[in-house]
Amino acid sequence: MKQDVNVLDTFDINGFQHDLISWFETEQRDLPWRINKDPYRVWVSEIMLQQTRVEAVKPFYKNFMGKFPTLEALAEAHEDEVLKAWEGLGYYSRARNLHSAVKEVKERYGGKVPDTPKEIGKLKGVGPYTQGAILSIAYGIPEPAVDGNVMRVMSRILSIWDDIAKPKTRQLFENIIREVISKDNPSYFNQGLMELGALICIPKNPACLLCPVRSHCRAFHEGVQKELPVKSKAKEPKVVSIVAGVFRTKDGRYIINKRPKTGLLANMWEFPNVEVQEGISNHKQQLAYYMREAFGLEVSVDEYAATVQHSFTHRTWEIFVFFGTAEGTIQESDTLKILTPEQFEQYTFSRSHKTIFEDCIERASLL
DNA sequence: CACGCGTGGCA
DNA sequence: TTGCCAAGCGT
């Protein structure tokens with residue numbers, strides 16, 4: 001523990017705090033979650049901002065707060081409504097965990113967001129970063145909120161060469177922040193570090209000449225700001241081939257089904273599809289076989305429609321899409337629906353499957 | 001600890 | 001066009 005903070009032995013903590021907070025006071029962006037310090041509003045913003053850019057979050061946040069303006073409103077909503085409001089933002093378990101945690105706060109804490117690390121850290125979806133962010137921003141409690149920005153900024157300021165991709169490194173920075181955080185204004189200190197990381201101390205080509213704390217920056221003085229932070233690379237995403245069917249019924253509706261409730265894109269709707277087995281080249285045959293085995297449906301797989309590429313951080317989908325038709329009466333269920341194109345609006349899809357609809361529905365209707 | 005989990009912007 | 005991310009968390 002003491003070893004962690006040896007890097008601070010000759011560091012001007014007070015000067016750094018002052019220069020950082022002064023800069024944040026005048027230069028902070030006007031953002032919808034900075035209107036007040038309502039812990040619920042701060043909480044929602046912190047969840048949405050996980051691994052997501054400010055510009056992407058803004059419209060979702062405004063819409064979400066319009067629909068669920070208070071903790072009680074969100075607690076009383078149905079999960080489907082919450083997920084619908086999250087549609088397109090990504091990382092959907094964030095929405096489910098937030099909803100679940102908000103309900104717990106309502107029931108266990110009478111609707112007041114807890115203000116201790118112990119209690120708040122137990123809430124679903126609230127990890128070390130979010131815990132510190134809510135405590136410092138909403139309650140003014142001097143807890144570290146170490147995210148990617150903070151690790152990048154502080155590794156440059158203190159010239160720390162530990163690999164920030166390693167989980168252990170986050171703890172090193174938490175120990176450092178505990179020493180350097182402003183006890184008078186932990187909210188602006190933490191937000192200032194993140195704002196600096198977003199606007200000035202950016203990953204590539206940091207704007208050091210505009211930086212309010214460059215006089216405190218060891219990497220700048222050593223001329224190594226572009227080599228920090230050290231971050232090892234993730235391995236290559238694997239390519240998964242998928243064959244999917246846009247099946248139309250006689251009355252012009254389309255078959256969709258619901259994904260499993262765990263794993264990738266849990267609970268989202270999609271066109272029926274199956275991973276292409278190694279060594280199988282007849283995609284149409286495999287899809288027809290799958291429809292029979294999975295849904296008990298006899299379908300005709302007709303013409304090739306398109307190949308849709310969709311990349312995740314950890315995997316790439318290569319989706320071969322075919323048009324087809326389904327005969328006879330089909331039994332709808334909780335996980336199988338037959339929709340007119342207009343009805344698609346009411347169901348939640350991932351971006352990749354939306355792409356398929358937009359590309360294919362129109363064309364299928366012309367066949 | 002390593003991995004799974006989305007999306008859109010930008011060089 | 002392709003690669004690299006951006007205010008992490010759960011398991």
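Order of the sequence lines fixes the chain letters, A, B, ..., with proteins taken first and strands second; residue numbering starts at 1 for each chain.
DNA chain B lies under 4.0 Å from at least one heavy atom of each of the following residues of residues 35-52 of chain A: Gln51(A), Thr52(A). Residues of residues 158-170 of chain A having a heavy atom closer than 4.0 Å to DNA chain C: none are found. Near DNA chain C, defined here as any heavy-atom distance below 4.0 Å, there are no residues from residues 205-214 of chain A.
With rounding to whole Å, Leu199(A) atom CG is found 13 Å from dA6(C) atom P. At whole-Å resolution of the value, OH in Tyr91(A) and P in dC5(C) are 13 Å apart. Taking atom CZ of Arg94(A) as the reference point, atom C1' of dT11(C) lies 18 Å away to the nearest angstrom. Between the CD1 atom of Ile202(A) and the C1' atom of dA11(B) there is a distance of 12 Å, given to the nearest Å. dG6(B) atom C1' lies 13 Å from atom CD1 of Ile319(A), rounded to whole Å. When the C1' atom of dC5(C) is taken as reference, atom CZ of Arg152(A) falls 10 Å away, rounded to whole Å. Atom CG of Leu89(A) and atom P of dC9(C) are 15 Å apart (whole Å). Here the P atom of nucleotide dG10(C) and the NZ atom of Lys124(A) are 10 Å apart, to the nearest Å.
Among the protein residues, Trp33(A) comes within range of the nucleic acid bases, having at least one heavy atom under 4.0 Å from a base atom. Using a 4.0 Å heavy-atom criterion, one finds that Arg96(A) contacts no nucleic acid atom at all. Note on Lys204(A): nothing from the nucleic acid sits closer than 4.0 angstrom, heavy atoms only. Within the nucleic acid shown, Val54(A) comes within 4.0 Å of at least one base atom, counting heavy atoms only.
Ranking dA6(C), dG10(C), dG8(C) by closeness to the Tyr129(A) side chain, first place goes to dG8(C). Listed candidates were dC5(B), dC9(C), dC5(C). Nearest to the side chain of Lys231(A) is dC5(C). When distances are taken from the side chain of Arg53(A) to each of dG8(C), dG8(B), dT7(B), the shortest belongs to dG8(B).
Salt-bridge check for Lys84(A) with Glu81(A): failed, with every basic side-chain N at 4.0 Å or more from each acidic carboxylate O. A salt bridge links Lys106(A) with Glu76(A): at least one charged nitrogen is closer than 4.0 Å to a carboxylate oxygen. Salt bridge status for Glu46(A) with Arg94(A): absent, with no side-chain N to carboxylate O gap under 4.0 Å. Ionic pairing of Arg178(A) and Glu143(A) is present here: one or more N-O contacts between side-chain nitrogen and carboxylate oxygen are shorter than 4.0 angstrom.
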Pair assignment for DNA chain B - dot-bracket with | for other-strand partners, Watson-Crick or G-U under 3.5 Å: .||||.|||||
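Place Ala198(A) and Val126(A) on DNA chain C by their nearest nucleotides, and Ala198(A) ends up nearer the 5' end.
Spacing of P atoms, dA6(C) relative to dC5(B), comes out at 22 Å, to the nearest Å.
Hydrophobic clustering of Ile, Leu, Val, Met, Phe, Trp and Tyr side chains at less than 4.5 Å, counting indirect connections, unites Tyr188(A) with Val153(A).
With hydrogens and angles left out, the side-chain atoms of Thr116(A) and Glu119(A) include a donor and acceptor closer than 3.5 Å. Side-chain atoms of Asp251(A) and Thr249(A) include a donor-acceptor pair closer than 3.5 Å. Gln191(A) and Ser187(A) share a side-chain donor-acceptor pair at under 3.5 Å. Defined by atom type and a distance below 3.5 Å, a donor-acceptor pair is present between the side-chain atoms of Thr130(A) and Gln50(A).
Other residues, nucleotides and ligands contribute more than 12 heavy atoms inside 6.0 Å of the CD atom of Gln346(A). Around the CD atom of Gln331(A), the shell of radius 6.0 Å holds no more than 12 heavy atoms that belong to other residues, nucleotides or ligands.
Taking the six-membered ring where the residue is Trp, Phe320(A) and His283(A) present parallel rings, their angle staying beneath 30° rather than reaching 60°.
Results of the ring-ring contact (aromatic ring centres under 6.0 Å, His included) test with Trp86(A) over Phe64(A), Phe68(A), Phe60(A) single out Phe64(A) as the only residue that passes.
Not a single side-chain hydrogen bond (donor to acceptor under 3.5 Å, both in side chains) links Thr70(A) to another residue, sequence neighbours left out. Partners of Trp33(A) by ring-ring contact (aromatic ring centres under 6.0 Å, His included), not counting sequence neighbours, listed by chain and number: Tyr61(A).
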